[in-house]
**Q** 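Sending over a structure as structure tokens; questions will come in a sec.
Both backbone and side-chain heavy atoms feed into the values below; hydrogens, waters and symmetry mates do not. It should be emphasised that the depicted structure is a prediction, and the values quoted were computed from it without experimental measurement.
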Amino acid sequence: MQKIIVFTDLHILPEGETIIGLDPSARFARGLAHALHHHPDAARIVITGDLTHHGKGAEYARLRALLADCPLPVSLMLGNHDRRAPFAAAFPDTPRTEDGFIQEIQDLDHARLILLDTLDEQAPDLHSGYLCPSRLSWLADALAGAEGRATVVFTHHPAFRTGFGGMDRIGLRNSDTLIDTLHSHGPVAQIVSGHIHRTMQGAAGGIPNAVFKSPCHQMPLILGDQSPHLSVDEPGAYGLLLIGPDGVVVHTEDFDLPRAEARTYS
């Protein structure tokens, strides 16, 4: 089985700035070191958006420095806190579509990874996501080329309602259209997302949709019509996908916890 390490919602800030007293860069650096130490055999790292907090050039430059010595290939995606022009200036070699969207395909032994760009820089609410016809057409072609491999689709915004009312209001506005496209050109084994800052598993039109926590600040487990801007200092985390001929297994790892010694019990 091949491993994919998944980070999401880094929210990198300029040096000296914090979110609820937490330094996003320091938290991500610890998470990345943990992941590389325990999973050096991973095939790739995917970071599913909200790379920065304000989409500023200085923030992307700081992220670039954090990734400079990473021994694994890294795929970067955009979320609602990102901006395409400053990102492209910092990461000019990132794959993109003819229309300039940050979307790419990565083929593994048993799977095709499809990374989508759900950023809407003109969103009326500033933070919801959208997949325009151009991006959906590209997706249909990417799905058609899977040639029997299990397909894993990555989005920043999840394609299901999470129970966090504030976050659902700034979710993927045309998730139904995405699901229709996946069903029409699939099959799709797994969707992987971020945005919520909470580990959870749901289903988008019957397709499993995993969501992972941030390495920095988390959404408190307060369901209902709450603010989407609530944050709590809980251990940071990353996701781990195991992909083989039988499908996809999803794990999550909290890295800011004391690591207990494994012992045999009887």
**Q** Should Asp99 and Arg135 count as an ion pair when the cut-off is N to O under 4.0 Å?
**A**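 So Asp99 does not pair with Arg135 through a salt bridge.
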**Q** So, does Lys56 use its side chain to make a donor-acceptor pair with the main chain of Leu13 at under 3.5 Å?
**A**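 Judged by distance alone, no pair lies under 3.5 Å.
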**Q** Mind running side chain to side chain contact (heavy atoms under 4.5 Å, CB included) on Leu67 and Phe28 for me, showing each step along the way?
**A** CA-CA 10 Å; Leu67 295 173; Phe28 174 57; 3.9 Å; yes
**Q** If you take all heavy atoms of Asp254 and Ala237, which pair is closest and at what distance?
**A**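 Minimum heavy-atom separation between Asp254 and Ala237: OD1-CB, 3.2 Å.
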**Q** Please determine whether a side-chain nitrogen of the Lys or Arg among Glu234 and Arg198 lies less than 4.0 Å from a carboxylate oxygen of the Asp or Glu.
**A**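 Yes, charged N to carboxylate O under 4.0 Å.
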**Q** If you measure from CG on Leu108 to CE on Met1, what distance do you get to the nearest 0.5 Å?
**A**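 One gets 12.0 Å once the value is rounded to the nearest 0.5 Å.
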**Q** Salt bridge between Arg84 and Glu121, side-chain N to carboxylate O under 4.0 Å?
**A**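 Salt bridge: yes.
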**Q** Can you tell me if Asp141 has over 12 outside heavy atoms packed within less than 6.0 Å of its CG?
**A**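 Correct, the count exceeds 12.
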**Q** Please check if any side-chain donor atom of Glu104 sits under 3.5 Å from a side-chain acceptor atom of Ser75, or the reverse.
**A**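 A pair is found: one side chain offers a donor N or O, the other an acceptor, under 3.5 Å apart.
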**Q** What residue among Asn80, Asp9, Thr155, Thr162 forms side-chain hydrogen bond (donor to acceptor under 3.5 Å, both in side chains) with His195?
**A**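 That would be Asn80.
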**Q** Have a look at His81 and tell me which of His156, His229, His54, His127 forms a ring pair (Phe, Tyr, Trp, His ring centres under 6.0 Å) with it.
**A**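 For His81, the ring pair (Phe, Tyr, Trp, His ring centres under 6.0 Å) test succeeds with only one of His156, His229, His54, His127, which is His127.
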**Q** Report the distance from atom CG of Leu172 to atom OH of Tyr130, rounding to the nearest 0.5 Å.
**A**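 Leu172 atom CG to Tyr130 atom OH measures 9.5 Å (nearest 0.5 Å).
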**Q** Would you compute the distance between atom CG of Leu115 and atom CG of Leu139 and round it to the nearest 0.5 angstrom?
**A**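 The CG atom of Leu115 sits 11.5 Å away from the CG atom of Leu139.
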**Q** Could Arg27 and Asp233 be called an ion pair, given the rule that one side-chain N must be under 4.0 Å from one carboxylate O?
**A**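 The answer is yes: the pair qualifies as a salt bridge.
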**Q** What about Ile114 and Leu182, same hydrophobic cluster or not, with Ile/Leu/Val/Met/Phe/Trp/Tyr joined at side-chain heavy-atom distances under 4.5 Å?
**A**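 Yes, same cluster.
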**Q** Using side chain to side chain contact (heavy atoms under 4.5 Å, CB included), reason through Phe154 and Met77 one step at a time and then give a plain yes or no.
**A** CA-CA 9 Å; Phe154 294 79; Met77 297 169 55; 3.6 Å; yes
**Q** Between Asp82 and Asp50, is there a donor-acceptor pair closer than 3.5 Å when you use the side chain of the first and the backbone of the second?
**A**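 Answer holds: yes.
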**Q** Within a radius of less than 6.0 Å around CZ of Arg161, do more than 12 heavy atoms belonging to other residues, nucleotides or ligands occur?
**A**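 Counting neighbours around CZ of Arg161, 12 or fewer heavy atoms of other residues, nucleotides or ligands fall under 6.0 Å, so no.
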**Q** Honestly curious: do Ile191 and Ile179 fall in one hydrophobic cluster under the side-chain, below-4.5 Å linking rule?
**A**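 As far as the 4.5 Å side-chain criterion goes, Ile179 and Ile191 are not connected within one cluster.
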**Q** Does a side-chain heavy-atom distance below 4.5 Å link Leu10 with Thr52?
**A**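 Counting from C-beta outward, Leu10 and Thr52 never come under 4.5 Å.
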**Q** Roughly how far, to the nearest 0.5 Å, is CG of Leu136 from CG of Asn174?
**A**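 Separation between the atoms: 6.0 Å.
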**Q** What's the shortest heavy-atom distance between Glu17 and Pro24, and which atoms?
**A**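 Answer, listing the atom of Glu17 first, then Pro24: O-CD, 4.1 Å.
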**Q** Could you tell me whether a side-chain N or O of Ser137 sits under 3.5 Å from a main-chain N or O of Pro133, the two making a donor and an acceptor?
**A**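 Checked: no pair found.
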**Q** Any heavy-atom pair between the side chains of Gln190 and Val192 that's under 4.5 Å?
**A**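 With C-beta onward as the side chain, the pair touches.
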**Q** Hey, does the side chain of His110 reach the backbone of Gln2 with a donor-acceptor pair shorter than 3.5 angstrom?
**A**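 Such a contact is absent between His110 side chain and Gln2 backbone.
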**Q** Measure the spacing between OG1 of Thr118 and CG of Leu78 and express it to the nearest 0.5 Å.
**A**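 That separation rounds to 8.5 Å.
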**Q** If we only count heavy atoms from C-beta on, is the Ile47 to Thr8 side-chain gap below 4.5 Å?
**A**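 Contact flag for Ile47/Thr8 side chains = no.
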**Q** Salt-bridge test for Arg149 and Asp109: reply yes if a basic N is under 4.0 Å from a carboxylate O, no otherwise.
**A**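 No, no charged N to carboxylate O under 4.0 Å.
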**Q** In this structure, would Tyr238 and Leu51 fall into the same cluster of hydrophobic residues linked by side-chain contacts under 4.5 Å?
**A**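 Result: yes, single cluster for both.
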**Q** Do His34 and His38 make a side-chain contact, defined as non-hydrogen atoms from C-beta onward lying under 4.5 Å apart?
**A**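 Touching, per the 4.5 Å side-chain cut-off.
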**Q** Hey, quick one: are Trp138 and Val153 part of the same hydrophobic cluster, counting side-chain heavy atoms closer than 4.5 Å, chains of contacts allowed?
**A**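 Linked within one cluster.
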**Q** Taking the side chain as C-beta and beyond, is there a heavy-atom pair between Gln201 and Phe160 under 4.5 Å?
**A**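 SC-SC contact between Gln201 and Phe160 ruled out.
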**Q** Which atom names give the shortest non-hydrogen contact between Pro86 and Gly55, and what distance separates them?
**A**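 Of all heavy-atom pairs spanning Pro86 and Gly55, the closest is CG-O, 3.3 Å.
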**Q** Can you tell whether the side chains of Arg173 and Asp120 come within less than 4.0 Å, N to carboxylate O?
**A**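 Result for this pair is yes, salt bridge flagged.
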**Q** For Phe212 and His197, I'd like to know if the aromatic rings sit close, meaning centre-to-centre distance below 6.0 Å.
**A**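 Judged by ring-centre distance (under 6.0 Å), Phe212 and His197 do not meet the cut-off.
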**Q** With a 4.0 Å cut-off on N to O distance, would you call Arg169 and Asp125 a salt bridge?
**A**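 Salt bridge between Arg169 and Asp125, a charged N being under 4.0 Å from a carboxylate O: no.
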**Q** Under 3.5 Å, which donor-acceptor pairs link side chains of residues 240-250 to any protein atom two or more places apart or in another chain?
**A**
none

**Q** Taking side chain as C-beta onward, heavy atoms only, is Pro14 less than 4.5 Å from Glu59?
**A**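 They are in side-chain contact.
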**Q** Which heavy atom of Ser193 sits nearest a heavy atom of Thr48, and at what distance?
**A**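 Shortest heavy-atom separation between Ser193 and Thr48 comes out as C-OG1, 4.1 Å.
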**Q** Just checking, any donor-acceptor pair under 3.5 angstrom between side chains of Arg112 and Thr151?
**A**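 Side-chain D/A pair, Arg112 to Thr151: absent.
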**Q** So if you build clusters from Ile, Leu, Val, Met, Phe, Trp, Tyr with side-chain heavy-atom gaps below 4.5 Å, do Val188 and Leu116 land together?
**A**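 Yes, Val188 and Leu116 fall within the same hydrophobic cluster.
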**Q** Could you tell me the separation between the CG atom of Leu66 and the CD1 atom of Ile12, rounded to the nearest 0.5 Å?
**A**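 So the CG of Leu66 and the CD1 of Ile12 are separated by 5.5 Å.
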**Q** Is there side-chain contact between Cys216 and His11, with heavy atoms separated by less than 4.5 Å?
**A**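 The answer is no, as the side chains (C-beta and beyond) never meet within the 4.5 Å cut-off.
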**Q** Report the C-alpha separation of Phe87 and Thr94 in whole Å, then their side-chain angles, then the decisive distance to 0.1 Å, and conclude whether the side chain to side chain contact (heavy atoms under 4.5 Å, CB included) test is met.
**A** CA-CA 9 Å; Phe87 169 81; Thr94 300; 3.6 Å; yes
**Q** Could you pull out the closest heavy-atom pair between Pro92 and Arg64, with the gap in Å?
**A**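 Scanning both residues, the minimum pair turns out to be CD-NH1, 4.2 Å.
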**Q** Is Phe101 close to Leu119 at the side-chain level, that is, under 4.5 Å between some pair of heavy atoms?
**A**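 Heavy-atom side-chain distance check fails, nothing below 4.5 Å.
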**Q** What closest approach, in Å, do Gly194 and Val211 show between heavy atoms, and which atom pair accounts for it?
**A**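 Taking every non-hydrogen atom into account, O-CG1, 3.5 Å.
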**Q** What's the verdict on side chain to side chain contact (heavy atoms under 4.5 Å, CB included) for Ile196 and Phe164, showing C-alpha distance, side-chain angles and the deciding distance?
**A** CA-CA 8 Å; Ile196 310 297; Phe164 293 103; 3.7 Å; yes
